[in-house]
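Note on naming: letters A, B, ... go to the chains in the order of the sequence lines (proteins, then strands), and numbering restarts at 1 for each one.
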Amino acid sequence: MNQVPLIHILFVSTALFFIGMYGLFTRRNMIMMLMSVELILNSVNINFVAFNKYLYPEKLEGVFFTLFIIAIAAAEAAVAIAIIINLYRNLRSIDVETADEMKF
Amino acid sequence: MMSASAVVFYMLSAFILVTGLLAVTSGNIFRSAIWLLFSLTGIAGLYFWLDLQFIAAVQIVVYVGGIVVLIIFSIFLTQQSGKALPPPRRRRAVLSALAVCMGFALTCLMLRQGSFTRVVSMREDVLTADMGVDVIGAQLLSTTRHGYVLPFEVISILLLAAMIGCIVIAIKVKPGDK
């Protein structure tokens, strides 16, 4: 682990973050956008863990932040999928362009 | 000459990035979910490489076993399987690629300027300190200064609220019901 500098891990997580951003910008399908958000959250997790291991190896704060982010991501994915299924039932489509009314 | 550990890291990173890129550019949403599955598994491998077996296990159980399965279920519920997604508009794709590349370049420049050095002096026994499940569990539920019992309880309330919220949102209302 010590042969790889920290900055290379940060480059990888930055690249993953911007791959997720690209998906979020180009895709109009809600499930695809949710998958892009998952990629973004994972890149943040990599950062937390890498900083913890390289800069403060005797502490565990990065590990706990990662655990809590994973738990919140699970809750977020569940709520988002419930909303998507409800929208599909009402609009017969999960394209964000068709969901332009707050109440129908 | 790179050591075996460095080679493993670069191969894992290449795997994560390539599968992530395929996940956001694939034309078929089901394939996209499978590429996302590979990418998340690669990230779990990265945690193994960083010697954090517990986080890697949580990553596999929650993401690969939970979230991706949930996403695949919702694809089956909302999508005619096998139907290709409409490709993104060329203008939007080009502009987003440009914006993303600029953001990546800017962030890399900022990263190169920062200096990441260890703040505390490292002793050999601290470096090889055990980060096993017992240490994580003891600190997660401790009520002393560096304990995490309050966030732990708050997150359990959040999960309960999310579960109830999902049921309320996704429940099917019968036409006669009020």
Please state whether the side chain, the backbone, both or neither of A/A73 comes within less than 4.5 Å of a heavy atom of chain B. both
Side chains of B/R92 and A/R28, heavy atoms from C-beta outward: is any pair under 4.5 Å? yes
From the list A/E38, A/E76, A/R92, A/M30, the residue making the most non-hydrogen contacts under 4.5 Å with chain B is A/E38
Sort A/F65 into side chain, backbone, both or neither according to what part of it lies under 4.5 angstrom from a heavy atom of chain B. side chain
Give the member of A/L34, A/L24, A/I9 that has the highest number of heavy-atom pairs under 4.5 Å with chain B. A/I9
Do you know which of A/I84, A/D95, A/L10 has the most heavy-atom pairs under 4.5 Å to chain B? A/L10
Could you check if a side-chain atom of A/F68 sits within less than 4.5 angstrom of a side-chain atom of B/V154, using non-hydrogen atoms only? no
Quick check for you: to the nearest 0.5 Å, what is the distance between B/C166 atom SG and A/I85 atom CD1? 9.5 Å
Donor-acceptor check, side chain of A/N86 to backbone of B/I169, threshold 3.5 angstrom: yes or no? yes
For B/Q59 and A/N42, does a side-chain donor sit closer than 3.5 Å to a side-chain acceptor? yes
Residues B/Y47 and A/T66: closest non-hydrogen pair is OH-CG2, 4.2 Å
Checking heavy atoms, do the side chain of A/E61, its backbone, both or neither come under 4.5 Å from chain B? both
Proximity breakdown for B/I71 and chain A, heavy-atom pairs closer than 4.5 Å: both
Give the minimum heavy-atom separation between A/I31 and B/S74, together with the two atoms involved. CD1-OG, 3.7 Å
Using a cut-off of under 4.5 Å for heavy-atom pairs, which of A/I83, A/I7, A/V49, A/N52 has the most such pairs with chain B? A/V49
What part of B/A14 is in contact with chain A, defined as an atom under 4.5 angstrom from a non-hydrogen atom: side chain, backbone, both or neither? neither
Heavy-atom check, side chain of B/W49 versus side chain of A/V4, under 4.5 Å: yes
Name the region of A/L16, side chain, backbone, both or neither, that has any atom closer than 4.5 Å to a heavy atom of chain B. both
Checking B/V24, B/T19, B/I16 against A/I19 for side chain to side chain contact (heavy atoms under 4.5 Å, CB included), the one that qualifies is B/V24
